[in-house]
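Reviewing the structure listed below.
What you see below is based on every heavy atom in this structure, not just the backbone, and it leaves out hydrogens, waters and symmetry mates. Naming convention: chains lettered A, B, ... in sequence-line order (proteins, then strands); numbering from 1 in each chain.
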There are 2 protein chains.
Amino acid sequence: MVYESRHDVFQAISDPSRRSLLNLLVGKEMSITGITECFPINRTAVNKHLHILSNAGLVKSQKVGRETRYTLKPEPLIELQNWLSFFEQYWDKKLLALKKFIEEDND
Amino acid sequence: MVYESRHDVFQAISDPSRRSLLNLLVGKEMSITGITECFPINRTAVNKHLHILSNAGLVKSQKVGRETRYTLKPEPLIELQNWLSFFEQYWDKKLLALKKFIEEDND
DNA sequence: AATTAATGACACCAAAAGGTGTTATTTGAA
DNA sequence: TTCAAATAACACCTTTTGGTGTCATTAATT
């Protein structure tokens, strides 16, 4: 394999092009050339992004004839959600405090 | 300013050292040297990470005497949560399907 | 069988990332 | 008023990133 690496989900979604790729593949199965037509970068670049997403488990590829079709696999994003949930309480605390303040202000 | 840039939240949290920094600053206010003692990298490197986090709005600095103290500002993570919520339905769909399958299996 | 479409696999490049160490400056303490 | 602590500001280095173009290979098509 060529584009092998240890990309995790955090690194995978850090690039805006890759986030767009994920959005594009929602509910659809698309070939590499099909995907490339939706972006301002060339096929090789798109392919690299797809491999990075694939390494992170965010997309899966399937060969259909001479095409390689990609589909979204959002499950690894759960790790991101778990990471977020730890911090959630902190901004929730603030929002709750704000809410409380507003409510008290209405008395 | 030196470490100026247009780092967004996605890019800011893509680095494991920076994620550790956020965890370290939860509920605490720490000086740069204090923070550096908790990491295997030197002060200059820590400072760069802090500036990147600061540019993303994830930390705030405050000068106290000759120290620069940093605190966590988790609010920008809301953007990440919003981004995630779009994809949430897709893995939820699968989990719900699995749940349904298990429940039907119990009949 | 010959041609074309869709990729895979490279080589190559400029810029950004993540580190290092050094020097200058500001501030608290002795 | 010296001296040491804390950090800002650089210069510098290596690896990774995100992109390009080219050539080879494999599968449809005519």
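Within the 4.5 Å cutoff, the side chain of A/Ile13 has no heavy atoms near those of the A/Arg18 side chain. Put simply, the side chain of B/Ser61 does not reach to within 4.5 Å of the side chain of B/His51, judged on heavy atoms. A 4.5 Å side-chain heavy-atom check between B/Ile78 and A/Phe87 finds every atom pair outside the cut-off. Side-chain contact between B/Phe10 and A/Asp15 is absent, with no heavy atoms from C-beta onward closer than 4.5 Å.
Tested against B/Tyr70, the residues B/Leu21, B/Ile35, B/Leu53 include a single side chain to side chain contact (heavy atoms under 4.5 Å, CB included) partner, B/Ile35.
At C/dA17, none of the side-chain N or O atoms of B/His49 fall inside 4.0 Å of OP1 or OP2 (strictly under the cut-off). Of the side-chain N and O atoms in B/Ser17, one or more sit less than 4.0 angstrom from OP1 or OP2 of C/dG19. In this structure, B/His51 does not reach the D/dA8 phosphate: none of its side-chain N or O atoms is under 4.0 Å from OP1 or OP2. The phosphate of D/dA8 has OP1 or OP2 within less than 4.0 Å of a side-chain N or O from B/Thr68.
Each of A/Ser14 and A/Arg66 lies near DNA chain D, and the nucleotide nearest A/Ser14 is the one positioned closer to the 5' end. Taking for each of A/Gln11 and A/Lys63 the nucleotide of DNA chain D with the nearest heavy atom, the 5'-most of the two is the partner of A/Gln11.
B/Glu67 has a carboxylate O that lies under 4.0 Å from a charged side-chain N of B/Arg69, or vice versa, which qualifies the two as a salt bridge. Ion pairing of A/Asp8 with B/Arg19 is present here, as a side-chain N (NZ or NE/NH1/NH2) and a carboxylate O approach within less than 4.0 Å.
Atom CD of A/Gln62 and atom P of C/dT7 are 13 Å apart (whole Å). Taking atom CD of residue B/Glu67 and atom P of nucleotide C/dA29, one finds them 10 Å apart after rounding to whole Å. One can place CG of A/Asn55 at 13 Å from P of D/dG18, the figure rounded to the nearest angstrom. Between the C1' atom of C/dA16 and the CD1 atom of B/Ile52 lies a distance of 10 Å, rounded to the nearest Å.
Side-chain to base pairing of B/Thr44 with C/dG21: one donor and one acceptor N or O lie within less than 3.5 Å of each other.
Side-chain atoms of A/Asn47 lie closest to C/dG8 of the nucleotides D/dA27, D/dG18, C/dG8. Relative to the side chain of B/Asp15, the nucleotides C/dG18, C/dG19, D/dG18 differ in distance, and C/dG18 lies closest. For B/Ala45, counting side-chain heavy atoms from C-beta on, the closest listed nucleotide (C/dG19, D/dG18, C/dT27) is C/dG19.
Within residues 30-43 of chain B, the residues that have a heavy atom under 4.0 Å from DNA chain D are, in order of number, B/Ser31, B/Ile32, B/Thr33, B/Arg43.
Residue-level contact check: B/Arg18 touches the backbone only, with heavy atoms under 4.0 Å from sugar-phosphate atoms and none from bases.
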